[in-house]
Participant: 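Below you will find the structure I want to go over with you.
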Amino acid sequence: SPDGNAFVYASRAGGNWDIYFQRVGGKNPVNLTKDHTGDDTQPAFSPDGQLIAFRSERGGGGIFLMGATGESVRRLTDFGYHPAWSPDGRQIVLSTATFMERPDVRIDIRSQLSIIDVSTGRRRMLTAGIEDAIQPHWSPHGHRIAWWGLRRRWQRDIWTVSAAGGDPVPVTDDAHMDWNPVWSPDGKYLYFSSDRSGSVNLWRIPIDEKSGKLLGSPEPVTTPSPYSGYISFSRDGKRMSYVQQVRTSNLQKVRFDPSGEKAVGEPIPVTQGSREAYFPDLSPDGRLLVFAAFGKQEDIFIVGADGTGLHHLTDDSYKERAPQWSPDGRQIAFMSNRSGKFEVWTIHPDGSGLQQLTDYPVHSVLGPVWSPDGARLAATPMGLNSFIMDLARPWNQQTPHTLPPLPEPNESFMVLSWSPDGRQLAGDRVSAGGTVAGISTYSLESQKYQTLSTFGTRPHWLSDSRRLLFHHKDKIYLADTRSRRTHEVLSVAPHEVRAYNLPLSADDRAIYFSVETSEADVWLMSLQ
């Protein structure tokens with residue numbers, strides 16, 4: 001809050017994201033959005049401390065306003081994320097897209113900034129023509145707005161622009177992940193979160209608030225935390241709050257009864273340690289797992305299905321994600337930014353034969369998915385519908401087949417699993433803002449979509465090509481495409497099943513998945 005005596009924050013301790021109010025030094029947080037069963041996030045106090053702007057998924061989603069203690073909720077917009085108030089409280093700047101809990105994971109990279117008049121709801125575009133802009137913050141005297149976004153499709157940098165519009169002025173331009181820019185209350189510094197020191201910590205840079213001209217080099221503002229972000233100042237500049245996050249992610253497996261459609265027994269660890277392991281995929285013979293590891297360096301690893309023999313498949317400065325075995329087990333497809341933006345590459349399991357498969361214009365390409373016969377491959381240009389390519393011909397000698405648009409407006413289809421019988425695709429419906437609106441299937445014969453669920457993400461077919469596993473709110477669910485019924489299969493509470501991939505053994509009797517253990521706390525720093 002502006003007076004520095006209270007703070008609001010988002011937490012999913014109750015099962016879904018809610019907004020909580022707490023006094024500094026107090027012990028009893030108050031849930032301000034407990035009456036809404038959906039997600040409420042990204043709270044921001046108004047300059048006078050009387051209102052809170054926030055993102056909510058209620059009624060189709062958008063930016064809402066409520067009183068400082070949760071009363072009188074009303075809609076401001078039907079779109080947008082990361083609201084930030086103007087100093088006079090009359091306007092709010094927001095971005096049209098968001099990120100998936102961490103800035104290194106983005107689905108939509110075409111975000112723009114808009115300014116909304118709080119009393120009338122009138123909208124003014126601020127960054128039309130800018131490649132990407134997200135998580136804005138208004139300078140204390142109203143002169144400029146700072147944001148971060150993607151440069152060259154993978155580099156995360158910070159800019160500022162006049163609140164009246166105009167040409168943006170870069171603040172950073174380097175290979176480090178720079179995000180969450182926040183102005184100091186006196187307007188003399190721009191604080192931000194960055195991994196430029198190795199861990200993700202806080203930095204600041206001296207700046208001229210009126211022009212955006214930099215007046216020095218970045219300076220560390222070191223906190224006792226391996227991962228700090230989500231900065232907020234009191235109005236007098238004497239107090240700053242931030243969030244410390246500590247997370248580890250490892251692979252586990254659990255026995256599964258396909259006839260009873262339920263997990264059997266307790267999950268068994270496959271990997272252990274501090275490495276963040278995601279995107280697991282099981283080899284066709286069931287002996288090996290390939291997975292991607294997040295962190296300062298994003299590489300692909302191979303490990304035995306029993307957890308032995310862990311070794312690098314790639315070991316370089318590029319970002320590699322979403323590996324998937326070919327049906328014959330001779331290749332692994334994955335997405336990599338080694339060509340300048342994310343494209344699909346393949347490599348042999350022994351590390352040889354690295355080859356680029358796609359060279360899509362402008363957009364990065366996500367998530368390769370093999371056809372069961374290994375002759376085709378589906379992938380998704382970021383923010384667009386998936387396409388299918390013929391692996392018998394090089395990229396420059398074919399025209400990949402783009403899937404037709406979804407019936408739902410402003411949504412794209414991201415293929416994530418190809419049915420074993422080769423007849424259907426399953427995937428996420430992704431909204432224009434980058435959030436997932438549910439799961440659909442696509443028939444290659446009828447060329448029609450079927451909505452399977454209005455919730456959940458990351459579907460994976462069972463061997464019968466009828467049922468799928470999927471992820472929703474830290475749990476694994478099963479859906480039947482014939483009966484349209486869904487039910488919970490596995491929870492690992494208080495830990496979280498992560499939404500990256502859910503491969504099964506060939507007989508459907510084992511599920512492999514990533515489990516994340518995370519803790520996030522709000523800290524208060526007193527500034528001299």
Side-chain angles (χ1 to χ4, degrees), residues 105 248-254 267-295 297-316 318-338 342-358 365-372 374 377-380 391 415-418 420 458-461 463 469 471 497-508 510-516:
V105 180
T248 59
S249 180
N250 280 286
L251 305 185
Q252 295 188 7
K253 65 179 178 181
V254 68
I268 301 170
V270 176
T271 65
Q272 301 182 58
S274 59
R275 182 180 293 108
E276 294 187 56
Y278 299 101
F279 296 109
D281 194 52
L282 188 66
S283 62
D285 61 10
R287 297 172 53 196
L288 299 171
L289 280 165
V290 63
F291 67 92
F294 279 179
Q297 188 169 304
E298 297 186 24
D299 291 315
I300 294 175
F301 291 78
I302 290 180
V303 66
D306 59 358
T308 61
L310 176 68
H311 64 277
H312 276 91
L313 183 60
T314 64
D315 186 2
D316 50 46
Y318 302 111
K319 297 179 185 294
E320 281 108 17
R321 300 175 182 172
Q324 190 175 97
W325 292 91
S326 63
D328 61 8
R330 296 180 180 179
Q331 295 184 85
I332 295 168
F334 61 99
M335 51 185 278
S336 173
N337 69 350
R338 59 183 58 235
F342 280 110
E343 299 286 355
V344 176
W345 293 68
T346 57
I347 193 171
H348 296 148
D350 63 2
S352 65
L354 181 65
Q355 180 182 4
Q356 182 175 345
L357 289 189
T358 65
V365 177
L366 311 180
V369 178
W370 295 89
S371 64
L377 187 140
T380 308
L391 294 177
V415 175
L416 293 165
S417 184
W418 205 312
R458 291 277 163 181
H460 190 99
W461 292 98
S463 60
L469 296 177
H471 173 275
V497 176
R498 299 312 290 147
Y500 287 98
N501 203 17
L502 297 170
L504 294 112
S505 58
D507 60 4
D508 292 338
I511 307 171
Y512 293 82
F513 53 95
S514 177
V515 173
E516 184 170 278

Participant: Which heavy atom of Gly374 sits nearest to which heavy atom of Leu391, and what is that distance?
Facilitator: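 The answer is O-CD1, 3.4 Å.
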Participant: Which atom pair, heavy atoms only, marks the closest approach of Leu313 to Pro349?
Facilitator: CD1-O, 3.5 Å
Participant: Compare every heavy atom of Ala277 with every heavy atom of Thr271, then report the nearest pair and how far apart it is.
Facilitator: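 Residues Thr271 and Ala277, closest heavy atoms: OG1-CB, 4.4 Å.
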Participant: Is the Phe291 to Phe279 ring centre distance short of 6.0 Å?
Facilitator: no
Participant: Tell me which one of Phe334, Phe301, Trp325 satisfies side chain to side chain contact (heavy atoms under 4.5 Å, CB included) with Val290.
Facilitator: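 Only match with Val290 under side chain to side chain contact (heavy atoms under 4.5 Å, CB included): Trp325.
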Participant: Compute whether any side-chain donor of one residue and acceptor of the other, for Gln297 and Asp315, lie under 3.5 angstrom apart.
Facilitator: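 Judged by distance alone, the side chains do pair up.
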Participant: Is it the case that the side chain of Asn337 and the backbone of Tyr318 share a donor-acceptor pair, with hydrogens and angles ignored and the cut-off at 3.5 Å?
Facilitator: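 A pair under 3.5 Å: no.
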Participant: Is the backbone N or O of Trp370 less than 3.5 Å from a side-chain atom of Gln324, with the two atoms forming a donor-acceptor pair by type?
Facilitator: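 Such a contact is found between Gln324 side chain and Trp370 backbone.
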Participant: Distance alone, cut at 3.5 Å: any donor-acceptor contact between the side chains of Thr314 and Asp316?
Facilitator: no
Participant: Only counting residues at least two apart or in another chain, list the ones meeting salt bridge (charged side-chain N to carboxylate O under 4.0 Å, His left out) with Arg321.
Facilitator: Glu298
Participant: Measure across Pro323 and Asp281 and return the closest heavy-atom pair with its distance rounded to 0.1 Å.
Facilitator: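 Scanning both residues completely, I find the closest heavy atoms to be O-CB, 3.6 Å.
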Participant: Work out which heavy atom in Val344 is nearest to a heavy atom in Thr358; give both atom names and the distance.
Facilitator: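 Of all heavy-atom pairs spanning Val344 and Thr358, the closest is N-OG1, 2.9 Å.
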Participant: What distance separates Thr346 OG1 from Gln331 CD, expressed to the nearest 0.5 Å?
Facilitator: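 Atom-to-atom, Thr346:OG1 and Gln331:CD are 4.5 Å apart.
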Participant: How long is the straight-line distance from CG of Asp350 back to CZ of Arg330, given to the nearest 0.5 Å?
Facilitator: 12.5 Å
Participant: Could you check whether any side-chain N or O of His348 sits under 3.5 Å from a backbone N or O of Leu354, counting only pairs where one atom can act as donor and the other as acceptor?
Facilitator: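 Absent.
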Participant: Measuring from Leu251:CG to Leu282:CG, what's the distance to the nearest 0.5 Å?
Facilitator: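 The CG atom of Leu282 is 11.0 Å from CG of Leu251, to the nearest 0.5 Å.
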Participant: To the nearest 0.5 angstrom, please state how far the CG atom of Asn501 sits from the OG atom of Ser417.
Facilitator: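 With rounding to 0.5 Å, CG (Asn501) is 8.0 Å from OG (Ser417).
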Participant: Has Arg458 got a side-chain atom pairing as donor or acceptor with Tyr500's backbone, closer than 3.5 angstrom?
Facilitator: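 Between the backbone of Tyr500 and the side chain of Arg458 there is a qualifying donor-acceptor contact (under 3.5 Å).
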Participant: Can you tell me how far apart CH2 (Trp345) and CE (Met335) are? Round to the nearest 0.5 Å.
Facilitator: 13.5 Å
Participant: Less than 4.0 angstrom from a charged side-chain N to a carboxylate O is my criterion; do Glu320 and Arg338 meet it?
Facilitator: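 Judged by the 4.0 Å cut-off on N to carboxylate O distance, Glu320 and Arg338 do form a salt bridge.
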Participant: I want to know whether Tyr278 and Phe294 have ring centres closer than 6.0 Å.
Facilitator: yes
Participant: Is the shortest side-chain heavy-atom distance between Leu289 and Val270 below 4.5 Å?
Facilitator: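 Yes, their side chains come closer than 4.5 Å.
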Participant: So, the side chain of Ser249 versus the backbone of Glu276: is there a donor-acceptor pair under 3.5 Å, distance only?
Facilitator: no
Participant: Give, for atom NE2 of His460 and atom CG of Leu504, the distance between the pair rounded to the nearest 0.5 Å.
Facilitator: 5.0 Å
